[in-house]
Amino acid sequence: MIDRAALASWYLEHARALPWRAEPTPYHVLLSELMCQQTRVETALPYFERFRARWPTVADLAAASEDEVVEAWAGLGYYSRARRLHQAARSAVARGGLPPTAAELADLPGIGPYTAGAIASIAFGEAVPAVDGNVDRVLARWHGVEEAVDSPSGKRAITAHAAALHADRAIAPGVLNQALMELGARVCKPRSPTCGTCPIRSGCTAREGDPSRFPVKRPRKAPVAITGVAGLLDRDGRTLAVRRAGTGLLGGLWGPPAVLEVDHDDLDALARAFADAGFSVRAAVPVATVRHVFSHRDLSCRVYRIEAEEAGGRGAAWSDVRWEPHGRGMSSLGRKIVAAGRADAPLLAADSRIL
DNA sequence: AACGCGGGGTC
DNA sequence: GACCCAGCGTT
């Protein structure tokens, strides 16, 4: 059995002072947990502060428009989280507040097994596990779990170990769950864990051998290489930006007109993209090629500087169009494309093509 | 069980 | 480059 008292006292001494820990209201925990899904705490921190300042209560967030929320999320990635956070906020307000149990919380959009357990234990004190990547690692190592933690059976095994720690509620559930996560982030790290300082090294299976052998994971597929084109059209120091339609890759996100899954020199596709934004392209000059890796796609995108005139009309590719002064509110890919155009790279006149 | 979905830090 | 991060929802 893991020495829970040692784990808890280690946590109380070493816990980072995170803003949602200072005041772990259900709304703050909801916000932080959604932002931290597959995202480092340090990355989510400034977003949490901005959201909390702009929408201090769950009712404020529910009253915002989805577009506002997605735009405020820009740069954080996995944008369906933003839409689901907004939906969850509206749902919570409609039912008079966030429900206090993991079972009910799991019914809300964006809240799966981990997040439900985290909110229920941290904000409401329910004795339920919250198994994230850190807990996977800590418990797989301690118990020597040989099954892949990203398989259903492996996840069940880890969850059972985590649940057992709450058996007699010797430690406050929120403290225990956060202690496991904090330990995974600070001590029981993926590579070169510092076992010598671990408060629960006694009894740990992996410490006897090679800790980095755990947790076992299924092999992941490499991102598929794709190409695409993007165009920069400037006017009065601003760049033409479009909002991508749909909820697929970068759906709802702002950026310069870009077409994915077409060749680097597919100027017809680029011209159609601008036509959908209401512009007729006269010339396109290649200025850069940017690479952007998503979790499942490895994109090489050729960036063109565009000359065009207003033609009116709009196609279905974009849900909105505007002139964007800074690149704020854009996806990271969008900002990268804008930056490529601002760079002092020489124009590739030899590749220039007039439409 | 596999896939779609972002972005960035770290070694 | 590879790995992985306070994962979830769909198929």
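Since the model is a prediction, treat every value here as computed from it, not as a measurement.
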Student: Is there, by distance only and without an angle test, a donor paired with an acceptor across the side chain of A:Thr39 and the base of B:dG6 below 3.5 Å?
Tutor: yes
Student: OP1, OP2 of B:dG6 versus side-chain N and O of A:Arg244: anything below 4.0 Å?
Tutor: no
Student: Is any side-chain N or O of A:Ser332 closer than 4.0 Å to OP1 or OP2 of B:dG8?
Tutor: yes
Student: Within less than 4.0 Å of OP1 or OP2 of C:dG7, is there a side-chain N or O belonging to A:Arg84?
Tutor: no
Student: Counting any heavy atom closer than 4.0 Å, what does A:Arg220 reach on the DNA or RNA strands: base, sugar-phosphate only, or nothing?
Tutor: base
Student: A:Gln37 side chain: which of C:dC8, B:dG7, C:dC4 is closest?
Tutor: C:dC8
Student: So does A:Arg291 get a side-chain nitrogen or oxygen closer than 4.0 Å to the phosphate oxygens (OP1/OP2) of C:dG1?
Tutor: yes
Student: Any side-chain N or O of A:Arg218 below 4.0 angstrom from OP1/OP2 of B:dA2?
Tutor: yes
Student: Cation over ring, A:Arg322 on A:Trp254, under 6.0 Å and within 45°?
Tutor: yes
Student: Is the backbone N or O of A:Ala288 less than 3.5 Å from a side-chain atom of A:Tyr304, with the two atoms forming a donor-acceptor pair by type?
Tutor: no
Student: State whether A:His292 places a side-chain N or O below 4.0 Å from either non-bridging phosphate oxygen (OP1 or OP2) of B:dG6.
Tutor: no
Student: Report yes if a side-chain nitrogen or oxygen of A:Tyr78 is closer than 4.0 Å to either non-bridging phosphate oxygen (OP1 or OP2) of C:dG9; otherwise report no.
Tutor: no
Student: Check whether NZ of the Lys or CZ of the Arg A:Arg50 lies under 6.0 Å from the centre of the six-membered ring of A:Tyr47 and within 45 degrees of that ring's axis.
Tutor: yes
Student: Specify the residue among A:Met181 and A:Gly110 whose closest nucleotide of DNA chain C lies further upstream toward the 5′ end.
Tutor: A:Met181
Student: Ignoring backbone atoms, test whether A:Lys221 places a side-chain nitrogen or oxygen under 4.0 Å from the OP1 or OP2 oxygen of C:dA2.
Tutor: no
